[in-house]
Number of protein chains: 2
Amino acid sequence: MQIHTDFRELCRSHGLAMTHQRQVIYDMLVVMPGHPSPEEVFDRVRKKLPSISLATVYKTIHTFIESGILREVSPHHGSLRVDDNIRPHHHLVCTTCKSITDVDDSVFEPLRFKHRLPQGFKFERFAVDILGLCPQCAAKADKRHKAQ
Amino acid sequence: MQIHTDFRELCRSHGLAMTHQRQVIYDMLVVMPGHPSPEEVFDRVRKKLPSISLATVYKTIHTFIESGILREVSPHHGSLRVDDNIRPHHHLVCTTCKSITDVDDSVFEPLRFKHRLPQGFKFERFAVDILGLCPQCAAKADKRHKAQ
DNA sequence: CTAGATGCAAACAGTTTGCGTCACT
DNA sequence: AGTGACGCAAACTGTTTGCATCTAG
């Protein structure tokens with residue numbers, strides 16, 4: 001499923017040091033179904049590496065995310081956010097500052113299924129995040145880029 | 001923007017008791033832009049209602065969500081979830097048990113913008129959640145429904 | 001040899017809970 | 001009058017940090 005079969009190579013190509021812990025965490029990650037939380041990863045990695053600490057799992061996952069080896073499922077974990085907008089709409093989400101702005105659902109063509117959903121899933125609605133840089137963060141990134 | 005202008009009526013139609021705290025929280029909520037967190041709501045409500053407690057704000061927001069007056073922006077707050085799938089895909093999310101399953105992005109026609117995004121927003125990618133009931137939760141809900 | 005990774009414990013942030021009191025219906 | 005809402009403090013869960021030690025490059 002992954003392009004890199006060799007973890008050592010994967011680390012090198014992303015500028016990361018290769019450690020035993022990282023190897024075991026990564027191997028576990030790609031094998032666990034359903035998008036595990038750090039705690040779940042820790043519980044399983046622990047069985048192979050009894051002395052590992054939860055802090056290391058967190059740090060490693062963040063390192064993987066920053067280097068692009070992994071993604072987080074959603075930019076919205078962290079805190080409950082309230083939506084009082086009852087009209088159909090989607091969210092413009094800044095990947096840097098995490099700000100959320102509404103856009104009307106007419107910004108794009110209605111979503112149309114091409115295939116059936118997996119058997120037994122009872123569809124309710126879509127929630128679409130349009131990820132990118134908000135005007136403020138885009139401007140800052142631009143400046144930083146020019147300065148270099 | 002809201003259909004109900006009268007909060008007392010809104011409560012009645014959702015089977016909720018009307019209290020001063022709920023009124024102030026609700027008024028604040030619809031006025032605050034950018035999908036505030038409970039803490040942010042608390043900070044502002046406090047200025048009008050100095051004796052209110054954070055716990056009440058949390059309880060009230062949950063009450064509003066359960067009764068359908070509000071929604072949460074995302075079903076994914078709470079804990080970091082890791083995604084090792086580098087292929088374009090979307091997520092089937094169960095609104096009851098919060099389980100997440102991947103579906104290939106070919107389940108529906110590619111998203112096509114109809115209008116431009118707001119000026120200055122630098123688009124990166126979409127993240128689509130397909131919300132509904134997973135097979136297990138759908139089956140349970142069905143049983144419960146028949147039992148009544 | 002040295003920068004950076006690990007493990008531990010303590011600190012934090014966000015959220016929930018138990019319980020006595022108070023207020024809507 | 002009775003059910004449920006409120007306020008407070010304490011408990012909990014998920015996450016981060018500081019620091020001493022160890023290890024990959």
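Atom CD in A/Glu66 sits roughly 14 Å away from atom C1' in C/dA5 (whole-Å rounding). Atom CG of B/Leu16 is separated from atom P of C/dT25 by 10 Å (rounded to the nearest Å). In this structure, B/His77 atom NE2 and D/dT15 atom C1' are separated by 15 Å, rounded to whole Å. When the C1' atom of C/dT15 is taken as reference, atom CD1 of B/Ile61 falls 11 Å away, rounded to whole Å. To the nearest angstrom, C1' of D/dA5 lies 11 Å from CD1 of B/Ile25. In this structure, CD of A/Gln23 is placed 14 Å from C1' of D/dA24, rounded to the nearest angstrom. In this structure, B/Arg81 atom CZ and D/dT13 atom C1' are separated by 14 Å, rounded to whole Å. Rounded to whole angstrom, the span from the CZ atom of A/Arg22 across to the P atom of D/dA24 amounts to 11 Å.
If you find the closest nucleotide of DNA chain D to B/Gly78 and to A/Arg8, the one lying nearer the 5' end belongs to B/Gly78. Mapping A/His20 and B/Glu39 onto DNA chain C via the closest heavy atom, the residue that lands nearer the 5' end is A/His20.
No donor-acceptor contact under 3.5 angstrom links the side chains of A/His115 and B/Asp104, judged on distance only. No hydrogens or angles considered: a donor-acceptor pair under 3.5 Å links the side chains of B/His76 and B/Asp129. A donor-acceptor contact under 3.5 angstrom links the side chains of B/Asp102 and A/His35, judged on distance only.
Side-chain contact between B/Asp84 and A/Phe64 is absent, with no heavy atoms from C-beta onward closer than 4.5 Å.
B/Ser79 comes within contact range of the sugar-phosphate backbone alone, with a heavy-atom separation under 4.0 Å but no base atom that close. Within the nucleic acid shown, B/Thr19 comes within 4.0 Å of sugar-phosphate atoms alone, with no base atom in reach, counting heavy atoms only. The residue A/His62 sits close only to the backbone: its heavy atoms come under 4.0 Å of sugar-phosphate atoms, none of a base.
To the nearest 0.5 angstrom, A/Leu16 atom CG is 7.5 Å from A/Phe7 atom CZ. B/Ile52 CD1 to B/Lys47 NZ: the interatomic distance, rounded to the nearest 0.5 Å, is 14.0 Å.
OP1 or OP2 of C/dG7 lies within a sub-4.0 Å distance of a side-chain N or O belonging to A/Gln21. The side chain of A/Tyr58 places an N or O atom within less than 4.0 Å of a non-bridging phosphate oxygen (OP1 or OP2) of D/dT15. When the side-chain nitrogen and oxygen atoms of A/Thr60 are compared with OP1 and OP2 of C/dA5, none of them lie within a distance under 4.0 Å.
Under the 3.5 Å distance criterion, the side-chain polar atoms of B/Glu66 are left unmatched by any main-chain donor or acceptor of B/Thr63.
One can find a donor-acceptor pair under 3.5 Å joining the base of C/dG7 and the side-chain atoms of A/Lys59.
Looking at residues 47-55 of chain A, you'll see A/Leu54, A/Ala55 sit with a heavy atom under 4.0 Å from some atom of DNA chain D.
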